[in-house]
Each structure stands twice: as structure tokens, then as C-alpha cells.
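Atoms considered below: every heavy atom in the structure, side chains included; atoms not considered: hydrogens, waters and symmetry mates.
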Amino acid sequence: MRIHGCLRSMVVALAVASTALVSPGCSKSPEITAESIDDNWALTEQHEPGSVVMTVAQDGRVTALVKDRDGKPIAEGVTGNVTVKVPGKDGAPVTAELVPEPKSGGVLLAKIPPLEDDLTEVNYEFKVKGEPFTGVLHVPRGGTRELQESAKENQAIKVEGKKGPNGGVLQPVGDDIVEIVADKATGDVRVYVLDLNLKPVPIGQREIKLAIHTASGPDVIVLAPGPDRLYFTGKLKAKVNPTKITVVLKEGGHTDVVLCNYHPGSVIVVGPSAPVIGILVATAWAVKVNVKPTVVVHDDDDDDGRRVIVVHKGKGKGKGRGRWRWK
């Protein structure tokens, strides 16, 4: 009887020990660390004193990491917060403190309201030993992940080094190519939708807005259709080339959001040393819009023959949504 009692005590002790080992309150590993944050759809913005690596998820979870000039994570002495404008609440800003995540190597976490608008402005502010890091991200409903995925999809569309018919900047957005251009003298902005030959076509029922970043701060421009819906038009707050442009294009219930000139894994330089995006040109707006359909023969590489796709037809609405590629 005594032996059985001892065995029973040992079994109970082992069970308690096992429970303690798997208990979630004992030693929980962080989900995201300084080593893994870059693999979780983060954007990196380079400031003068260092860089900020940040993810914003659709559910409102924000993760951030500050690095020094040498790219090493700063694990201690970092404080910060993020502020967003919540749609539908009279533009009232909501601020959330960034709290250090234990054992993560410097990752900070915050929770903002879920992303519900097609574009949400997220302002961040950090202090590292009194040195400020401030910046602004404009993120779609899918957060930084959506921006990374759209940039990855656009890698095969080769428009770098090319100019639009008005001398503006070319940017793939969803199934379209757009030209973003502004008049140097007046600050008037136009956005054209282009066909595969880089010729302007009517905008159809599309809608576009731009989040523009300049040295004077961010500005969101909701563009209006021009005469006969041949292009979009708006106005720059300041007649200077921007350092960042986020493009939102809606069509037929579908929305695409891209960060202009961004490539997956690249660093976005901000602040005084940031390169500008050259949309300001001296223009007479003399380029005509092609209102005729553009027909493209596309080989889909599946050995079943060739098929013809009408890319732009009638008032400019694309037919057959799908990813086309440039040669």
C-alpha cells in the first residue's frame, strides 16, 4: 500500500511539472522579433539618425523597430506612439502608445482601430535618447502587407526610366498604367490612364486619389474627372516635387493601392535627404487622348494557342480583369 501511495505521488508530481512547462504564463516567446520583423510585411523608412521598420495589420496591430545608423536594432531606451485619423468620427485622431515587447530585441507594439478606409494616415513618433524619429505612412485596408504584395506583383512591369506622354511619372496600379504629372507653373495635377503603347485613353468610371508627401507635410488629393472623362485633375498644395506618392485607384467595386516607385525590400528615404519624384514639368497639355480601343494579342504560355484581349474599350473601362505584362 505504501509503494502504491509513493507511485501515485510521483505521478501527480510529474503531471504538475508537465502542466507548468506548457503553461502559457511561464515563458511566452514573442511572435515578432528584431530578426523576423522584416519578414512580416514591414516597410522601412530611413531617417537621418537611423531607420524605422514598421508593420500595420488590417486588424490595427502595429509592430515597430528602431535601428541605428549602422542598421543595428536599438533594444532599449526607445519610446513612441502612433496616431491615426479614424474615418467616420469627424477626423478625430486616436493615439496609441508603442509598448516594448519583452525578449523581442527591441520590437514595440501598439493597437489602433482596424483599417476600414481605402487609405488610412498613420503618423508615428519615436524618441531615442532625445533624438526624434517622426514620419507618416498611408496604408490601405490590407495594411503594409497589401503595399508589399502590390509592389511584388508590379515587378514584372518595366516602366523604370520611361516617361509618360506628358513627361510625367509612370506607375502600374492594378491592371492599369497611370501617368502622374503636374504643371510646374500652376501646380495643377493630372493623372492619365495609359494603354500598352503608353497612349492616354479615357478614364471610364475609375476614381483616383493621391497621398502626396513633401517637405511641408502630407496631403491627400481627391482627383476629379476632367472634361469628357479623358483624365483626372487636381491641385498641389505646394509647387514642389513630392518625396512619396501613394496611389488609390477604384474601378468596378475593386480598389488597388500602390506606393509609387517602391520595390519589395527597398528602403524608403525620408527627411531632408529624400529623393524627389519628378512629376513637375513644363507642359502645355497638348497630348491627345485616344478614344479608340487598343487591341493586344497576348500569349498566355500554356500551349493552347493565342487569345486576343481588349485592354481598353469605349469609355476606357478595361475588359477582362487580369494581370497583363509588358515586354
Side-chain angles (χ1 to χ4, degrees), residues 24-85 93-113 115 120-140 142-149 151-152 211 213-215 217-218 243-244 246 259 261-275:
C26 283
S27 180
K28 184 180 179 181
S29 298
E31 293 181 16
I32 298 178
T33 65
E35 291 74 25
S36 67
I37 189 170
D38 286 316
D39 300 325
N40 285 271
W41 314 105
L43 293 178
T44 299
E45 295 205 327
Q46 182 69 48
H47 297 255
E48 294 295 329
S51 59
V52 172
V53 186
M54 181 174 291
T55 70
V56 183
Q58 188 171 20
D59 62 1
R61 177 172 174 166
V62 178
T63 63
L65 177 71
V66 179
K67 297 182 179 181
D68 62 19
R69 286 186 176 91
D70 298 323
K72 296 180 180 179
I74 302 175
E76 297 180 356
V78 180
T79 60
N81 58 68
V82 289
T83 302
V84 298
K85 296 178 181 178
V94 174
T95 299
E97 181 184 0
L98 284 156
V99 179
E101 173 77 344
K103 303 179 182 180
S104 66
V107 173
L108 299 98
L109 304 179
K111 188 69 167 63
I112 60 175
L115 304 177
T120 298
E121 184 175 301
V122 181
N123 294 264
Y124 63 81
E125 180 180 7
F126 296 92
K127 285 189 178 179
V128 184
K129 298 179 181 179
E131 191 77 36
F133 289 73
T134 60
V136 182
L137 298 178
H138 282 95
V139 293
T144 53
R145 175 171 183 164
E146 184 176 336
L147 292 175
Q148 290 280 15
E149 289 180 335
K152 186 176 181 180
H213 292 249
T214 66
T243 56
K244 283 197 300 183
T246 307
L259 186 56
N261 288 348
Y262 177 73
H263 303 281
S266 61
V267 174
I268 305 164
V269 180
V270 297
S273 60

side-chain hydrogen bond (donor to acceptor under 3.5 Å, both in side chains) contacts touching residues 49-58 (sequence neighbours left out): Thr55-Thr63
Partners meeting side-chain hydrogen bond (donor to acceptor under 3.5 Å, both in side chains) with Gln46 (sequence neighbours left out): none
Residue pair Val53 / Ala42: nearest heavy atoms and the distance that separates them: CG1-CB, 3.5 Å
Heavy-atom side-chain proximity of Leu43 to Tyr262 below 4.5 angstrom: yes
Shortest non-hydrogen contact between Ala274 and Val269, atoms and distance: CB-O, 3.1 Å
Pairwise distance CG(Asn123) to NZ(Lys85) - rounded to 0.5 angstrom: 7.0 Å
Any Glu101 side-chain heavy atom under 4.5 Å of Ile32 side chain: no
Which donor-acceptor pairs under 3.5 Å do the side chains of residues 64-75 make with protein atoms, sequence neighbours left out?
{"from": "Asp68", "atom 1": "OD1", "to": "Asp70", "atom 2": "N", "distance (Å)": "2.9"}
{"from": "Asp68", "atom 1": "OD1", "to": "Gly71", "atom 2": "N", "distance (Å)": "3.0"}
{"from": "Asp68", "atom 1": "OD1", "to": "Lys72", "atom 2": "N", "distance (Å)": "2.8"}
{"from": "Arg69", "atom 1": "NE", "to": "Glu48", "atom 2": "O", "distance (Å)": "3.3"}

By side-chain contact (heavy atoms from CB on, under 4.5 Å) - contacts of Thr79 (at least two apart): Lys127
Under 3.5 Å donor-acceptor, Thr144 side chain and Trp41 backbone: yes
Side-chain heavy atoms of Pro49 within contact of Val128, under 4.5 Å: no
Name the atoms and distances for all side-chain donor-acceptor pairs under 3.5 Å in residues 133-140, with sequence neighbours left out.
{"from": "His138", "atom 1": "ND1", "to": "His213", "atom 2": "NE2", "distance (Å)": "3.0"}
{"from": "His138", "atom 1": "NE2", "to": "Glu121", "atom 2": "OE1", "distance (Å)": "3.2"}

Shortest non-hydrogen separation from Pro113 to Val84 and the atoms involved: CD-CG2, 4.0 Å
Results of side-chain hydrogen bond (donor to acceptor under 3.5 Å, both in side chains) for Thr33 - residues two or more places apart only: Glu35, Ser36
From CD (Gln148) to CG (Leu259), nearest 0.5 Å: 9.0 Å
Rounded distance [0.5 Å steps], OG1 in Thr214 versus NZ in Lys244: 11.5 Å
Non-hydrogen side-chain atoms of His47 and Phe126 separated by less than 4.5 Å: no
Atom of Gly105, atom of Ala34 and distance for their closest heavy-atom approach: O-CB, 3.6 Å
Side-chain heavy atoms of Ile112 within contact of Val56, under 4.5 Å: yes
Any side-chain heavy-atom pair of Val82 and Leu98 under 4.5 Å: yes
